[in-house]
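In what follows, a single structure is set out as structure tokens and then discussed.
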Amino acid sequence: MRLFRSREVIGIAADALDFALEASAETHPNEYMGLLRGEDARRVGLDRDGLVVTDVLIIPGTVSDPYSATVRNDLVPNDFRAVGSVHSHPNGVLRPSDADLDTFGSGTVHIIIGAPYGQNDWEVFDQSGEVRDLPVYNVDLPDPESFFDFTQEDIDEELDT
């Protein structure tokens, strides 16, 4: 058992990025907003320490218009695997506004996706709003149904990380 694991986000799964791009396009002309979840890189087949963004969570009750998107904080799950946020800018601007920076406090990876929502229409920022690198990995993601298949041992292991 490793006592100290890296919690650094080292990349994003291609499937998670594709989902965020598609959701942003479908929400246009309104902004899209979701939260990001990470999985241990070794659990998705990478021989590296750190986390890979594997999921984009859609939060019920999210309200959006062409200029903003707001998540209801009371409906955000208490999730040990939360690593940041993703939202779109229908105007195509790939830099955070002051309002965006106010939401960057939770998590270390914040993605802004701009119209026209293609493979190169996104940028990643840290909590301070500084651009950061986030490689895209083609990895095999766990079966979503496996989320509901766990034992007490799994829970104990998760709490130890």
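The first residue in the sequence is number 1, and the count goes up from there. Heavy atoms only: backbone and side chains are in, while hydrogens, waters and symmetry mates are out.
- In this structure, Val63 has no side chain to side chain contact (heavy atoms under 4.5 Å, CB included) partners at least two apart in sequence or on a different chain.
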Side-chain atoms of residues 20-28: list all donor-acceptor pairs with protein atoms under 3.5 Å, sequence neighbours left out, distances to 0.1 Å.
| from | atom 1 | to | atom 2 | distance (Å) |
| --- | --- | --- | --- | --- |
| Ser24 | OG | Ala20 | O | 2.8 |
| Thr27 | OG1 | Ala23 | O | 2.7 |
| His28 | ND1 | Tyr117 | OH | 2.7 |

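- When every heavy atom of Met33 is checked against every heavy atom of His87, the shortest pair comes out as CA-CB, 4.0 Å.
- With sequence neighbours left out, the side-chain hydrogen bond (donor to acceptor under 3.5 Å, both in side chains) criterion links Asp18 to Gln119.
- For Asp102, there are no salt bridge (Lys or Arg N to Asp or Glu O under 4.0 Å) partners at least two apart in sequence or on another chain.
- Within the model, atoms CG of Asp133 and CD1 of Ile10 stand 11.5 Å from one another, a figure rounded to the nearest 0.5 Å.
- Under the ring pair (Phe, Tyr, Trp, His ring centres under 6.0 Å) criterion, Phe104 pairs with His110, not counting sequence neighbours.
- Judged as a side-chain hydrogen bond (donor to acceptor under 3.5 Å, both in side chains), and not counting sequence neighbours, Asn138 has no contacts.
- More than 12 heavy atoms of other residues, nucleotides or ligands shown are found within 6.0 angstrom of CD on Gln152.
- Of the possible donor and acceptor atoms, one in the side chain of Ser88 sits under 3.5 Å from a partner among the backbone N and O of Tyr32.
- Panel note: side chain Asp156, backbone Glu153; no donor-acceptor pair is recorded below 3.5 Å.
- Nearest heavy-atom pair, Val136 versus Leu17, reported as atom, atom and distance to 0.1 Å: CG2-CD2, 3.8 Å.
- The CH2 atom of Trp122 sits 11.0 Å away from atom CG of Leu94, with the distance rounded to the nearest 0.5 Å.
- To the nearest 0.5 Å, atom CZ of residue Phe125 and atom CD1 of residue Ile111 are 10.5 Å apart.
- Between Val52 and Glu39 the shortest side-chain heavy-atom distance does not fall below 4.5 Å.
- Residues meeting the side-chain hydrogen bond (donor to acceptor under 3.5 Å, both in side chains) test with Ser97, sequence neighbours left out: Asp100.
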Exercise for the section: Test side chain to side chain contact (heavy atoms under 4.5 Å, CB included) on Tyr137 and Ile12 and set out the steps. Expected result: CA-CA 6 Å; Tyr137 292 107; Ile12 184 169; over 6 Å; no
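- Around atom CZ of Arg132, more than 12 heavy atoms belonging to other residues, nucleotides or ligands sit under 6.0 Å away.
- For residues 40-67, the set of pairs meeting the ring pair (Phe, Tyr, Trp, His ring centres under 6.0 Å) definition, not counting sequence neighbours, is empty.
- Put simply, CG on Asp98 and OG1 on Thr103 are 11.0 Å apart, with the number rounded to the nearest 0.5 Å.
- Within the 4.5 Å cutoff, side-chain heavy atoms of Leu36 are placed close to those of Val56.
- Distance check, rounded to the nearest 0.5 Å: CG of Asp49 to CG of Asp40 gives 7.5 Å.
- For residues 55-64, every residue pair satisfying the salt bridge (charged side-chain N to carboxylate O under 4.0 Å, His left out) rule, not counting sequence neighbours, is listed here: Asp55-Arg81.
- The hydrophobic clustering, which links ILVMFWY residues whose side-chain heavy atoms are closer than 4.5 Å, places Leu134 and Leu51 together.
- Members clustered with Val93: none, using a 4.5 Å side-chain heavy-atom cutoff among hydrophobic residues.
- Contact of the Val124 side chain with the Val109 side chain is registered, since non-hydrogen atoms from C-beta on lie closer than 4.5 Å.
- Taken from CZ in Arg48 to CZ in Arg42, the straight-line distance is 9.5 Å, to the nearest 0.5 Å.
- Applying the side-chain hydrogen bond (donor to acceptor under 3.5 Å, both in side chains) criterion to Glu130, with sequence neighbours excluded, gives no partner residue.
- Closest approach of Val83 to Val53, counting heavy atoms only: CG2-CG2, 3.9 Å.
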Exercise for the section: Before giving the answer on side chain to side chain contact (heavy atoms under 4.5 Å, CB included), spell out for His89 and Glu31 the whole-Å C-alpha distance, their side-chain angles and the decisive distance to 0.1 Å. Expected result: CA-CA 6 Å; His89 283 176; Glu31 282 197 8; 3.7 Å; yes
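- When all heavy atoms are compared, the tightest approach of Gly38 to Thr54 is C-OG1, 4.2 Å.
- Taking the side chain to side chain contact (heavy atoms under 4.5 Å, CB included) definition, one finds that Pro29 meets it with nothing, sequence neighbours left out.
- When all heavy atoms are compared, the tightest approach of Gly129 to Leu101 is CA-CD2, 3.5 Å.
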